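We count residues from 1, following the sequence as given. From a predicted model like this one, the values you see are computed outputs, not experimental measurements.
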Amino acid sequence: MRPAVHQVLATLGYGDAIGHEVLGIQRVLRGAGYESEIFVQTAEPRVEDLTLHYSDLKEASHPDNILIHHFSIGSRASRLAYALPDRMVLVYHNITPPEYFVDINKELVRLCFRGRRELALYKSRCDLALGDSEYNRQELDALGFTPTGVLPVVPGFDHLQAADSRTAGAFADDWVNVLFVGRVIPNKRFEDLIRAFHAYKTFFNPRSRLLLVGSHAGFERYVAMLHGMIARLDCRDVHLVGHVSNEELTAYYEVADIFVSASEHGGFCVPLIESFYMGVPVLAYAATAVPSTMDGAGILYTDKDPMHLAALINAITEDRDLVDRVVDGQYAALARLEAKDFGATLLEHVDTVFASPRKPQPDIAFDFWDQVTQAEAFDELKAHRPSAFLALPPDPGPDAPQ
């Protein structure tokens, strides 16, 4: 029987970059004749029926199989994958440094710290380590992974074909619309973008607005801080739109005059490429993976002084010829990206792993599987009998007297 090639990850989201890649990988693998399932710890309701629970992976596991492990945060699914006998391809989506979330989201501080610590353990476990960008591959190299490679993100644009303008249509006027799309989290540096927009609106163009599109679930404290800053600056026409449908997202791209990013950390940044596709000129801070994602297109900046960035926004939006040249360059970069054969690259990596010598089985604690069983029992109790779960005595910790 032909070996299977399954995928495992902490969570499958709807409409995000990792989710698109995971589903794209499954399509390629099934098209090539492999059995291929997606095992997750959690999934958004809209994609949950496409997944299996990670605890079922133990039954599907086999030493001849390949397990594609999408690593982006520490998780129980990740630790289970480590202990299984399957060959492993690690796909690294990067982990945001935990210091960005201090005083904002304690749980994410813990998960990001644990994820970065756990990542190093996979150097001896995985048969091949892939970054979804050259930036992420270089980080794997720096950590000592070998061999490494790139499985490029080639975004699809089917979700940007129909526009729902009932909300964004209110902004389809002669004002300049400055757009950013991305989850409202601290590493995206929304505060830097708001300061620059305030300078632009005050000193260059009062007939302008800032449209910030993206979910802020779990980051209510950060959003409250942003609202407080907007109020102190008395900066009008800043719209924190929140999560939108694909059709609404398309409409926001259609009304945008410029896409501006101040993000300081990201493993790829799909909205940059979506802006290329939608013909919106991009002005982006040259940090982490952004320069390689933009591939010589758009405009990069390195000085975050608000007046400097405001002047750049004004120079671009006031010059129609410059906008046309920037957009033409972005279309050329998009064509180069779409010319990459994602399916062939993936299958080549799979063939390489099947042909390579097996790595030794990792050492795990003698009671590892007992701990897994106990954790699943606690999860069941927490989900279906929360009062009983809360009544459990606290963990005494390792230093408690015996």
Side-chain angles (χ1 to χ4, degrees), residues 3-12 18 21-22 25-26 29 36-43 51-96 98 107-108 110-132 136-137 139-149 151 267 349-350 352-354 356-379:
V5 185
H6 297 305
Q7 298 181 79
V8 61
L9 63 157
T11 186
L12 185 66
I18 296 177
E21 184 172 21
V22 169
I25 288 173
Q26 185 184 56
L29 292 171
S36 184
E37 300 293 346
I38 300 168
F39 295 89
V40 300
Q41 191 166 324
T42 60
T51 68
L52 298 173
H53 193 258
Y54 80 98
S55 59
D56 297 328
L57 184 55
K58 187 178 177 183
E59 295 300 320
S61 173
H62 191 279
D64 292 338
N65 290 350
I66 288 179
L67 188 58
I68 298 177
H69 178 202
H70 295 270
F71 200 101
S72 61
I73 202 166
S75 70
R76 197 176 295 162
S78 173
R79 293 186 281 281
L80 180 72
Y82 181 91
L84 295 172
D86 309 53
R87 296 172 184 264
M88 180 177 286
V89 174
L90 185 139
V91 180
Y92 180 49
H93 299 278
N94 213 291
I95 301 171
T96 303
E107 178 65 8
L108 209 50
R110 184 181 68 83
L111 290 174
C112 290
F113 175 81
R114 179 178 290 178
R116 284 190 166 263
R117 184 182 62 184
E118 287 181 4
L119 177 63
L121 300 175
Y122 283 85
K123 287 186 288 187
S124 59
R125 171 64 181 92
C126 65
D127 299 88
L128 175 63
L130 302 174
D132 61 359
N136 287 346
R137 188 202 67 78
E139 189 167 312
L140 292 171
D141 267 352
L143 290 169
F145 281 84
T146 183
T148 62
L151 183 64
H349 286 315
V350 168
T352 298
V353 172
F354 276 131
S356 64
R358 291 191 59 88
K359 287 199 172 181
Q361 181 70 15
D363 294 326
I364 60 174
F366 73 93
D367 62 342
F368 176 84
W369 294 110
D370 291 337
Q371 292 183 44
V372 170
T373 301
Q374 186 180 63
E376 290 172 354
F378 279 132
D379 283 348

Is there a donor-acceptor contact under 3.5 Å from the side chain of [X] to the main chain of [Y]?
X      : Y      : result
Ser356 : Val353 : yes
Gln7   : Val22  : yes
Lys359 : Cys126 : yes

What are the two closest heavy atoms between [X] and [Y], and how far apart are they?
X      : Y      : result
Ile364 : Ala83  : CG2-CB, 3.8 Å
Asp132 : Gly267 : OD1-O, 4.1 Å
Ser72  : Ile95  : O-CG1, 3.2 Å
Ala81  : Met88  : O-CE, 3.6 Å
His6   : Glu37  : ND1-N, 2.9 Å
Phe39  : Tyr54  : CB-CA, 4.1 Å

Check whether any side-chain heavy atom of [X] sits under 4.5 Å from a side-chain heavy atom of [Y], and report yes or no.
X      : Y      : result
Ile68  : Leu29  : yes
Ile25  : Leu151 : yes
His69  : Ser78  : yes
Phe354 : Val5   : yes
Asn94  : Arg116 : yes

task = Report the relative orientation of the aromatic rings in His93 and His70; use parallel for angles under 30°, tilted for 30 to 60°, perpendicular for over 60°.
result = parallel
ask   = When the ring planes of Phe71 and Tyr92 are compared, do they come out parallel, tilted or perpendicular, using 30° and 60° as the limits?
value = tilted
ask   = Would you find more than 12 non-hydrogen atoms of other residues, nucleotides or ligands less than 6.0 Å from Glu107 atom CD?
value = yes
ask   = Taking atom CZ of Phe113 as the centre, does the number of heavy atoms from other residues, nucleotides or ligands within less than 6.0 Å exceed 12?
value = no
task = Would you check, one step at a time, whether the test side-chain contact (heavy atoms from CB on, under 4.5 Å) holds for Asp127 with Ile66?
result = CA-CA 9 Å; Asp127 299 88; Ile66 288 179; over 6 Å; no
inquiry  = For the CG atom of Leu90 and the CG atom of Leu67, what is their distance to the nearest 0.5 Å?
reply    = 10.0 Å
Approximate separation, where rounding is to 0.5 Å, of Lys58 NZ and Leu80 CG = 8.5 Å
key: Presence of salt bridge, Arg125 and Glu118, under 4.0 angstrom   = no
task = From the options Asn136, Thr148, Thr146, select the one residue that forms a side chain to side chain donor-acceptor pair (under 3.5 Å) with Asp141.
result = Thr148
query = Where do Val89 and Val350 land on the side-chain contact (heavy atoms from CB on, under 4.5 Å) test, with the steps shown first?
reply = CA-CA 8 Å; Val89 174; Val350 168; 5.9 Å; no
ask   = Looking at Leu9, Leu12, Val91, Thr11, which hits side-chain contact (heavy atoms from CB on, under 4.5 Å) with Ile18?
value = Leu9
